[in-house]
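For reference, the structure discussed in these notes is given below.
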There are 2 protein chains.
Amino acid sequence: MTNPDIRDAIMTATYEALCEEGYSDLTAQAIADRTDRSKSALFYHYGSREAIVAEFIEYLIEGIELRVAKTRDRPALERLAAFVDWFLSEPDDDERAFHTALLELRAQAPYNDVFRAKLRESNDRLQRALEEILRDGLEEGVFQAHDPEAVAALLLAAFDGAQIRQVTLGRNEYLETIRAGTVDHVLADILKPDVEFPETVAFEFPPDERLRDSSTADERTERDTVR
Amino acid sequence: MTNPDIRDAIMTATYEALCEEGYSDLTAQAIADRTDRSKSALFYHYGSREAIVAEFIEYLIEGIELRVAKTRDRPALERLAAFVDWFLSEPDDDERAFHTALLELRAQAPYNDVFRAKLRESNDRLQRALEEILRDGLEEGVFQAHDPEAVAALLLAAFDGAQIRQVTLGRNEYLETIRAGTVDHVLADILKPDVEFPETVAFEFPPDERLRDSSTADERTERDTVR
DNA sequence: GGGACCTGACTGACTAGTCAGACAGTGACC
DNA sequence: GGTCACTGTCTGACTAGTCAGTCAGGTCCC
């Protein structure tokens, strides 16, 4: 169903609407306004607003997979640093807006089986990506013996918690505090004693090219103190 | 403003409505239905739905403070175990429903200055309570030298992340994994080498007595597979 | 009689989803 | 080449419903 062009248009429109309006104001109209089609066209292609959102999560998952794949040839320690940095470096305005909306969306998962299933998949891929880094580090001999599954889960929980607190409380310091705590208390146990966790990243975790901010990020300024 | 009886009635009604309907369905009517007043009475006492929610967060904060105070005479290690257990033990249905709704509410904080300010305060009290435990443990000589502020932040982020993932992904295993990881990797650095983190809690973190489930928790059963 | 408290009926704004019909393209058939 | 039937895509207008908040008026107590 649906030719790829219009699907892509609807997905990026959804992304923009999410960033600009948040999830709870993500109306079918708000999405349509950001395409060159009418609201009815949305319902023609996807039967419901919910289906659009479900597809959007799918779209994000594809993005994650693509982005993880790009990093696989790097050494494990560099990848770990990039992963940490991805979650715990201070977001720009667009990133923050997106995290904010995504949190609202995630908060609906308990009420919505489809969202929950898709978010699970997204989470599992992330978890597996991190486990892979940890396992590769063991093989490369830079990490000490540990349980990659448990450590990955702990790290993701801490990162996620930090990000959510940063977004909901509006406190950027949080990220740096948690990063330092993670490096000192968790990664210290993981790295071989002679291995230092890099101060700066060797490369940035690649962004989702499809969601490169097409909208000229300026008309968004006076809309900042919202709702 | 407002006599304490009706305030209390509205707050517990808000709590019940949140648990049963979630935040995004928390309408003024849903709250009123759980009091013996009409919806108009709500608007008479609080000027808006938002004000009710803001007051409710306040109400929760008072509860936390009360509950933390009750535990202050216990040894630090016991308190730490109770704190960990509070966040990371498997919730019953009511607790889970409440966490779910609270997450929705927290997800609105970025858009709402009042909510954000109150949630910050709530968070700060929690952080201070945990720091206090850590400092007391240092004084009691059961903990090794560490930075209580940073460790408290790390623990709270990890706990919060674990709880959110458990709620949004519907996976209870998460909590146990994170608890084990926290004990092995973070608390291992904090406790003196000869001190063992308790397997079982000496006491439960006290619940909020005011929110004791007054509604006979049975009519809620067939409404479980919702929305 | 005045104020505190409360109610039911109502309004206005908003939204998901529907539907009848428009229109452009395509292929068949004369 | 022209016409006709048909299909996929799309639209504007509409429906049915929801919800926050208002308001005129009522009761009860001082």
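Each chain gets a letter, A, B and so on, in the order its sequence line appears, and its residues count up from 1. Because the structure is predicted, anything quoted here is derived from the model rather than measured.
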A:Ala41, nearest nucleotide to its side chain (from D:dT11, D:dG8, C:dT7): D:dT11
Whole angstrom value for the distance that separates C1' of C:dC14 from CG of A:Asp33: 14 Å
Salt-bridge criterion met for A:Arg125 and A:Glu58 (N-O under 4.0 Å): no
d(CG, B:Asp36; C1', C:dT7) in whole Å: 13 Å
Atom-pair distance (CG on A:Asp5; C1' on D:dT9), nearest Å: 14 Å
Touch class at under 4.0 angstrom, heavy-atom based, for B:Ala28 against every strand present: sugar-phosphate
Carboxylate-amine/guanidinium proximity below 4.0 Å for A:Arg67 and A:Glu209: no
Proximity to the side chain of A:Tyr44 - top-ranked nucleotide from D:dG8, D:dC19, C:dG8: D:dG8
Nucleotide D:dT18, atom C1' - distance to CG of B:Leu26 in whole Å: 15 Å
Residue whose closest nucleotide on DNA chain D lies nearer the 5' end, B:Ser48 versus A:Ser38: A:Ser38
Distance-only donor-acceptor test (3.5 Å): side chain B:Ser40, base C:dG8: yes
For atom CZ of B:Arg49 and atom P of C:dA13, their distance in whole Å: 19 Å
Rounded distance (Å) that lies between atom P of C:dC14 and atom CD of A:Glu21: 13 Å
Nearest-neighbour nucleotide for the A:Phe43 side chain, C:dA4, D:dG21, C:dT18 considered: C:dT18
Minimum heavy-atom distance between B:Arg49 and B:Phe43, given as atom pair plus value: N-CE2, 4.0 Å
Salt bridge A:Arg72-A:Asp136, side-chain N to carboxylate O under 4.0 Å: no
N/O donor-acceptor pair, side chain A:Lys39 with base C:dG17, under 3.5 angstrom: yes
Note, B:Arg171 side chain near B:Gln166 side chain (heavy atom, < 4.5 Å): no
Rounded interatomic separation in angstrom, taking CD from B:Gln29 and C1' from D:dT18: 11 Å
Listed nucleotide nearest any side-chain atom of A:His45, set C:dA16, D:dT9, C:dG8: D:dT9
Whole-Å distance separating the CG atom of A:Leu42 from the P atom of D:dT9: 14 Å
